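Inspection log for the structure reproduced underneath, given as structure tokens.
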Amino acid sequence: MIATGYILRFPLPPGSNKAFSLWGLTRHQYGDIHFWISFGLLAVLVIHLTLHWNWIVTVIVKRCHAVQASHPSLLRSGLLTLVIVTITLIAFAWTAQHSVKRITRPIHDPRGPNSHLDGQTGSTSSAQ
């Protein structure tokens, strides 16, 4: 989700659909992937929260009654995780930014010959 969001915002900004591709996909194709990933993650989140609701309530009640100082090893592991995630995101961003290619020929769109209109109306002539 983060990866496709980054791709849609920076390497393939709005207006770049006809001119650029990244790893063989255009901005609109990444938009479709982004939508379905977000839909799937939302469904998983709802299922997860539903299945673990009793645990969530129990933990919140316990935390409200007994606030303690963080353990040093917990702080170290949290910082290490933050550093690893940050390095991974920076590496992905660099790779995506440097892998964008200009489209030299039209990419076949399975939605049909008028899919470039993106919802706009207009007449096109086709040879029969």
Side-chain angles (χ1 to χ4, degrees):
M1 183 80 173
I2 293 172
T4 56
Y6 176 85
I7 288 169
L8 290 170
R9 178 67 177 104
F10 296 106
L12 298 176
S16 66
N17 187 48
K18 302 296 180 203
F20 297 102
S21 71
L22 177 62
W23 301 314
L25 298 173
T26 63
R27 175 178 170 73
H28 287 275
Q29 291 167 326
Y30 275 110
D32 291 341
I33 293 169
H34 188 74
F35 171 78
W36 287 109
I37 289 173
S38 66
F39 189 75
L41 286 174
L42 182 62
V44 168
L45 176 67
V46 169
I47 292 168
H48 180 77
L49 291 175
T50 302
L51 292 174
H52 294 87
W53 189 250
N54 288 335
W55 180 84
I56 293 169
V57 170
T58 303
V59 168
I60 290 173
V61 169
K62 284 183 181 180
R63 296 279 172 146
C64 288
H65 292 298
V67 178
Q68 299 174 355
S70 296
H71 196 271
S73 66
L74 194 60
L75 181 62
R76 276 193 301 262
S77 66
L79 287 175
L80 180 61
T81 301
L82 179 65
V83 167
I84 291 171
V85 168
T86 301
I87 289 171
T88 302
L89 291 175
I90 289 171
F92 173 80
W94 184 87
T95 303
Q97 196 68 34
H98 289 84
S99 297
V100 173
K101 294 187 169 87
R102 181 169 292 280
I103 297 174
T104 56
R105 60 180 174 75
I107 294 176
H108 172 69
D109 192 343
R111 294 179 288 180
N114 293 332
S115 64
H116 68 282
L117 296 176
D118 292 328
Q120 299 173 4
T121 58
S123 62
T124 58
S125 62
S126 61
Q128 303 261 346

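Quick caveat, the model's predicted, so the values are computed rather than measured.
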Do Thr4 and Trp36 make a side-chain contact, defined as non-hydrogen atoms from C-beta onward lying under 4.5 Å apart? no

Kindly indicate, with the supporting measurements, whether the criterion side-chain contact (heavy atoms from CB on, under 4.5 Å) is fulfilled by Phe92 and Leu89. CA-CA 5 Å; Phe92 173 80; Leu89 291 175; 5.6 Å; no

Honestly curious: do Leu82 and Ile2 fall in one hydrophobic cluster under the side-chain, below-4.5 Å linking rule? no

For the backbone of Leu22 and the side chain of Tyr30, can you confirm whether one donor and one acceptor N or O come within less than 3.5 Å of each other? yes

What's the shortest heavy-atom distance between His34 and Met1, and which atoms? CE1-O, 3.3 Å

Ile7 reachable from Leu41 in the ILVMFWY side-chain graph, under 4.5 Å edges: yes

Is a side-chain donor or acceptor of Ser99 paired with a backbone partner of Ala96 at a separation under 3.5 angstrom? no

His48 side chain to Val44 backbone, donor-acceptor under 3.5 Å: no

Do Trp55 and Val57 belong to the same hydrophobic cluster, where Ile, Leu, Val, Met, Phe, Trp and Tyr are linked whenever their side-chain heavy atoms lie under 4.5 Å apart, directly or via other members? yes

Is there a chain of hydrophobic side chains (I, L, V, M, F, W, Y, each step under 4.5 Å between heavy atoms) that links Val85 to Val83? no

Ignoring hydrogens and angles, tell me if any N or O in the side chain of Gln29 forms a donor-acceptor pair with the backbone of Thr26 under 3.5 Å. yes

Connected via hydrophobic side-chain network under 4.5 Å: Leu42 and Ile56: no

Side chains of Phe35 and Asp32, heavy atoms from C-beta outward: is any pair under 4.5 Å? no

